[in-house]
Structures are given as C-alpha cells and as structure tokens.
Amino acid sequence: MGRLFRPVTFALLLVALPAYAGDRSLEYAVKAAFLYKFASFVDWPPGSFETESSPFVLCVVGADPFGGRIRSAANGQTVGSHPIILRQLAKEEPRSNCHAMFVSGSDGKSASEALNSVRGTPTLTVTDSALGPTAGIIHFVIADDRVTFDIDNAAAARNHLVISSKLLALARRVNTARPAAVP
C-alpha cells in the first residue's frame, strides 16, 4: 500500500494546491513540497550512493527563495532508504555531490553555469520560471494559478536518470526529443 499511496498523494497534492498569483509564500511552499517528492520518482544509476543508507543530498544553489520551507518539508523524510540532507550552495561552489539541485535566482548566465556544471552527471536539476527560458530537467511553471512543471526527459537520460512514467504523466509537458549528435 505504501508504494501506491505515495504516487496518489503526490497527484492529489499537484491538483489540490493552487499557487495563487502574487502569493509567493504559498507558491514556494508548494514547490518545496514537490522538490523533495520528485526524487521518489527518479532512478539513479548504480554507484550514485556509497551505501544503502548514504544520504540523499538536495542542494539549493544561489539565493534560497523557500525561506526554510524546504528544510521543514524534507525534515525526517527519505528517498528510499536514503535520509535527505539539505545543502545551501553559493553559485560558485562545486556541485558534484548533489543528487538533486534546485537552481534559484534570476541570473540566467549563473543558472546556465550551474546547470552546465552537472551536465552528464546523475544529478536531477530543477529550476523555476523566475529564470526565464533557462530550464533544468524539471522546470516549475505557474499555469492556471497552479504550480505545475515541465520535464525534459531527454536531459534526464543524458544525466543517466530514469524518471518514472507516473511523474511524466503528471507533467504539463514532457520533452522526449534527443538533440542531434554533434559531428
């Protein structure tokens, strides 16, 4: 029942929690809840964790728009058998130890640099519409006064991640196109 309950709860959360336009507090509370829940719907390649009980490292790069909401939402939670730990990183800090990384702020150049720094590594990147067109594997958007998200499944594959069909089904849009190979 636990494995079935989790996806159903996530789907209900997606449908039930509006992000009223202009209420940034509620918007980021919803995004904080989604952020750590996404990880339960992603498979990391072998070797991504040292042991079965190694922590799952969730990083926030740049300014923290959540105001402590991620810490509250993820406190005591696990991803499988991995306890979640939260790391706040400056944009210039190395990000190689992050399993999931939320890139915040409005500086598209810094965001692109942060995303490029983990390209090809097993890191789930998450961004939001405040960055404009710069997007991670999962990109939060506000549509019809609700927090929803787009998924770049091709980018996930390039980072050796497999996203569950259950999460893909909840996305507003899914990009499955693979870019042409560079000669």
**OP:** Apply side chain to side chain contact (heavy atoms under 4.5 Å, CB included) to V61 and C98, showing your working.
**Re:** CA-CA 10 Å; V61 179; C98 301; 5.7 Å; no
Original post:
Any donor-acceptor pair under 3.5 Å linking the side chain of S81 with the backbone of E52?
Top reply: yes
Original post:
Closest approach of L170 and T148, non-hydrogen atoms and distance?
Top reply: O-OG1, 4.4 Å
**OP:** Enter the distance from R172:CZ to I151:CD1 here, rounded to the nearest 0.5 Å.
**Re:** 11.5 Å
Subject >> Heavy-atom side-chain proximity of I142 to E27 below 4.5 angstrom >> reply: yes
**OP:** Please name the pair of heavy atoms, one in L115 and one in A135, separated by the smallest distance, quoted to 0.1 Å.
**Re:** CD1-O, 3.7 Å
Original post:
Just one of D150, V30, V126, T127 clears the side-chain contact (heavy atoms from CB on, under 4.5 Å) bar with F140, so which one?
Top reply: V126
Original post:
Quick one: are L167 and I138 in side-chain contact, heavy atoms under 4.5 Å?
Top reply: yes
Subject >> Heavy-atom check, side chain of I85 versus side chain of L58, under 4.5 Å >> reply: no
Original post:
Side-chain contact, heavy-atom cut-off 4.5 Å: P122 with L161?
Top reply: yes
Original post:
Any side-chain heavy atom of M101 within less than 4.5 Å of one from T121?
Top reply: no
**OP:** Answer yes or no: is there a side-chain heavy-atom contact under 4.5 Å between N153 and N175?
**Re:** no
Original post:
Under 4.5 Å between any side-chain heavy atoms of L35 and I70, yes or no?
Top reply: yes
**OP:** Walk me through it: do V42 and V162 pass the test side chain to side chain contact (heavy atoms under 4.5 Å, CB included)?
**Re:** CA-CA 6 Å; V42 177; V162 177; over 6 Å; no
Subject >> Pair F66 and F102, ring centroids less than 6.0 Å apart >> reply: yes
**OP:** Find the distance between CD (Q77) and OG (S40) and round it off to the nearest 0.5 Å.
**Re:** 8.5 Å
**OP:** Taking all non-hydrogen atoms of both residues into account, name the closest pair between A155 and D152 and its distance.
**Re:** N-OD1, 3.0 Å
Original post:
Do T51 and S54 have side-chain heavy atoms sitting under 4.5 Å apart?
Top reply: yes
Subject >> Donor-acceptor contact below 3.5 Å, side chain S117 vs main chain A114 >> reply: yes
**OP:** With K37 as the cation and F34 as the aromatic partner, state whether NZ or CZ is under 6.0 Å from the six-membered ring centre and within 45° of the axis.
**Re:** no
Subject >> Residue that, paired with H82, satisfies ring pair (Phe, Tyr, Trp, His ring centres under 6.0 Å) out of W44, Y36, F49 >> reply: F49
Original post:
Has N116 got more than 12 heavy atoms of other residues, nucleotides or ligands less than 6.0 Å from its CG?
Top reply: yes
Original post:
Is the F149 to H139 ring centre distance short of 6.0 Å?
Top reply: no
Subject >> F38 and I163: CA distance, side-chain angles, deciding distance, side chain to side chain contact (heavy atoms under 4.5 Å, CB included) verdict >> reply: CA-CA 9 Å; F38 287 146; I163 298 178; over 6 Å; no
Original post:
With under 30° as parallel and over 60° as perpendicular, where do the rings of H99 and F56 fit, or are they tilted in between?
Top reply: parallel
Original post:
Considering all heavy atoms of both residues, which atom of A63 and which atom of V60 are nearest to each other, and what is their separation?
Top reply: O-CG1, 4.3 Å
